[in-house]
Amino acid sequence: MWVLVIIAGIGVVTLLLLLFAPHIRRYAAGAACATASRLDGKTVLITGANTGIGKETALDLALRGARVIMACRDTEKGEEAAASIRAECPKAQVEVRELDLADTCSIRAFAQNFLREVHQLHILINNAGVMMCPYTKTLDGFEMHIGVNHLGHFLLTYLLVGLLKRSAPARIVVVSSLAHNFGWIRFHDLHSQGSYNSGLAYCQSKLANVLFARELARRLTGTDVTVNSVHPGTVNSDLTRHSTIMTILFSVFSVFLKTPREGAQTSIYCATAEELHSISGKHFSDCAPAFVAPQGRSAETARKLWEVSCELLGIEWD
């Protein structure tokens with residue numbers, strides 16, 4: 001009897017999903033960037049642009065006429081992504097450069113070559129990230145989530161901020177997540193050596209993204225370089241590759257998730273919307289201002305994280 005009830009229930013749910021799938025998809029897609037701004041003559045740098053929302057962001061900005069530099073750890077996959085962009089937009093100015101955010105030597109080498117060969121930078125999109133990976137450390141001994149998602153981008157931005165200032169007006173977009181709501185900066189155990197939970201480590205790194213964007217915006221006041229963070233939405237991408245459970249759930253409930261192109265819209269909006277030319281230190285989702293958790297609004301935590309980050313990276317950034 002119960003088996004029949006369960007089968008009937010599954011059948012009803014499946015039927016409802018099929019009937020309402022178009023409506024669900026429209027709702028799940030979220031807002032689209034409506035600005036038609038051109039980027040001719042502008043140079044854009046996007047980390048993690050070989051796949052997912054990074055690749056879609058690169059495609060959109062290339063279509064707007066920008067020179068797009070795709071910074072990727074795997075340059076072979078990066079070249080494949082660049083080729084697919086050129087296939088869709090033959091006039092696209094896209095190039096691939098190697099960057100491993102889990103290695104500060106790679107970041108410094110990338111920045112050194114970049115500054116020698118590229119003379120303007122108008123948009124920096126800190127997009128690359130890892131999610132729920134097993135406990136591992138970067139080559140510098142940082143826990144992988146905080147090391148790649150926060151410290152790697154912190155160092156990259158530090159090395160390129162002078163060029164951004166010289167190229168102003170310029171914009172920095174930091175890809176965070178709704179997950180920042182569930183994160184806390186564990187200063188006593190930033191690298192999760194005492195205990196480790198991949199989900200909480202990810203949330204901590206995404207909170208660090210929000211705090212970094214807000215503190216950097218404060219420090220860049222008056223420079224005509226703006227900084228904003230974004231939540232792309234729940235996107236069906238390979239970011240969940242380290243979690244079998246998440247991969248299965250994302251496959252089963254894909255109708256409720258954004259595609260990478262839909263997930264890229266808020267990054268594109270913050271990079272191009274004319275009405276945001278002087279907006280800085282804010283958080284966006286679905287191309288609109290979004291809620292920031294109380295721990296993401298703490299000026300004291302943001303300043304402390306800045307100081308700790310500089311100390312870990314061996315830099316001075318006033």
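Note that this is a predicted model, so its numbers are computed, not measured. Residues: numbered from 1 along the sequence shown.
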Whether [X] side chain and [Y] backbone form a donor-acceptor pair below 3.5 Å:
{"X": "Asp60", "Y": "Glu56", "answer": "no"}
{"X": "Arg297", "Y": "Val292", "answer": "yes"}
{"X": "Ser205", "Y": "Tyr202", "answer": "yes"}
{"X": "Lys206", "Y": "Val175", "answer": "yes"}
{"X": "Arg73", "Y": "Gly48", "answer": "no"}
{"X": "Asn228", "Y": "Val173", "answer": "no"}
{"X": "Thr226", "Y": "Ser278", "answer": "no"}
{"X": "Glu262", "Y": "Ala32", "answer": "no"}
{"X": "Gln204", "Y": "Ile185", "answer": "no"}
{"X": "Ser176", "Y": "His231", "answer": "no"}

Practice task
State which residue, out of Asn209, Val210, Leu211, fulfils the side chain to side chain contact (heavy atoms under 4.5 Å, CB included) condition with His180.
Solution key: Val210
Fill in the blank from the handout: Exactly one of Leu276, Val225, Asp224 clears side chain to side chain contact (heavy atoms under 4.5 Å, CB included) with Arg171, and that residue is Leu276
Can [Y] be reached from [X] by stepping across I, L, V, M, F, W or Y side chains whose heavy atoms are under 4.5 Å apart?
{"X": "Phe182", "Y": "Val230", "result": "no"}
{"X": "Leu190", "Y": "Ile315", "result": "yes"}
{"X": "Leu124", "Y": "Leu115", "result": "yes"}
{"X": "Val148", "Y": "Leu200", "result": "no"}
{"X": "Leu312", "Y": "Leu139", "result": "no"}

Exercise for the section: Would you check, one step at a time, whether the test side-chain contact (heavy atoms from CB on, under 4.5 Å) holds for Ser309 with Phe212? Expected result: CA-CA 10 Å; Ser309 300; Phe212 170 50; over 6 Å; no
Where [X] and [Y] come nearest, the two heavy atoms and their spacing:
{"X": "Leu101", "Y": "Ala128", "answer": "CD1-CB, 3.6 Å"}
{"X": "Met70", "Y": "Ala81", "answer": "CE-CB, 3.8 Å"}
{"X": "Ile85", "Y": "Ala62", "answer": "CG2-CB, 4.3 Å"}
{"X": "Trp317", "Y": "Trp306", "answer": "O-NE1, 2.9 Å"}
{"X": "Ser167", "Y": "Leu121", "answer": "OG-N, 2.9 Å"}
{"X": "Pro232", "Y": "Ile53", "answer": "CB-CD1, 3.8 Å"}

State, yes or no, whether a side-chain contact exists between [X] and [Y] at a heavy-atom distance under 4.5 Å.
{"X": "His283", "Y": "Arg214", "value": "no"}
{"X": "Leu313", "Y": "Asp140", "value": "no"}
{"X": "Lys42", "Y": "Arg64", "value": "no"}
{"X": "Ile69", "Y": "Val44", "value": "no"}
{"X": "Tyr135", "Y": "Ser192", "value": "yes"}
{"X": "Phe114", "Y": "Leu163", "value": "yes"}
{"X": "Glu143", "Y": "Thr138", "value": "no"}
{"X": "Gln265", "Y": "Cys287", "value": "yes"}

Exercise for the section: Let me see the working for Thr157 and Leu155 under side-chain contact (heavy atoms from CB on, under 4.5 Å), right down to the final yes or no. Expected result: CA-CA 5 Å; Thr157 307; Leu155 178 59; over 6 Å; no
Can we say [X] and [Y] salt-bridge, meaning some charged N sits less than 4.0 Å from an Asp/Glu carboxylate O?
{"X": "Arg219", "Y": "Glu215", "value": "yes"}
{"X": "Glu88", "Y": "Arg86", "value": "no"}
{"X": "Lys258", "Y": "Asp286", "value": "yes"}

Do [X] and [Y] meet the criterion of a side-chain donor-acceptor pair at a distance under 3.5 Å?
{"X": "Thr47", "Y": "Asn126", "result": "no"}
{"X": "Asp100", "Y": "Ser106", "result": "no"}
{"X": "Ser84", "Y": "Lys55", "result": "yes"}

How long is the span from the [atom1] atom in [X] to the [atom2] atom in [Y], to the nearest 0.5 Å?
{"X": "Met144", "Y": "Thr136", "atom1": "CE", "atom2": "OG1", "value": "3.5 Å"}
{"X": "Thr75", "Y": "Asn50", "atom1": "OG1", "atom2": "CG", "value": "9.5 Å"}
{"X": "Cys270", "Y": "Ile123", "atom1": "SG", "atom2": "CD1", "value": "11.0 Å"}
{"X": "Leu164", "Y": "Leu159", "atom1": "CG", "atom2": "CG", "value": "11.5 Å"}
{"X": "Asp40", "Y": "Gln93", "atom1": "CG", "atom2": "CD", "value": "8.5 Å"}
{"X": "Asn149", "Y": "Leu207", "atom1": "CG", "atom2": "CG", "value": "12.0 Å"}

Exercise for the section: Decide if the gap between the ring center of His145 and the ring center of His150 is smaller than 6.0 angstrom. Expected result: no
Problem - Cation over ring face, Lys304 and Phe187, 6.0 Å, 45° - result: yes
Practice task
Start with the C-alpha gap between Val227 and Lys282, add the side-chain angles, then the distance that decides, and say whether side-chain contact (heavy atoms from CB on, under 4.5 Å) holds.
Solution key: CA-CA 8 Å; Val227 191; Lys282 304 300 181 183; over 6 Å; no
Exercise for the section: Check the pair Phe110, Arg97 against side-chain contact (heavy atoms from CB on, under 4.5 Å), reporting the backbone distance first and the verdict last. Expected result: CA-CA 8 Å; Phe110 170 89; Arg97 293 177 179 240; 3.6 Å; yes
Problem - Glu275 atom CD, over 12 foreign heavy atoms within 6.0 Å - result: yes
Handout entry: Crowding at CD, Glu117 (>12 non-hydrogen neighbours, <6.0 Å)
Key = yes
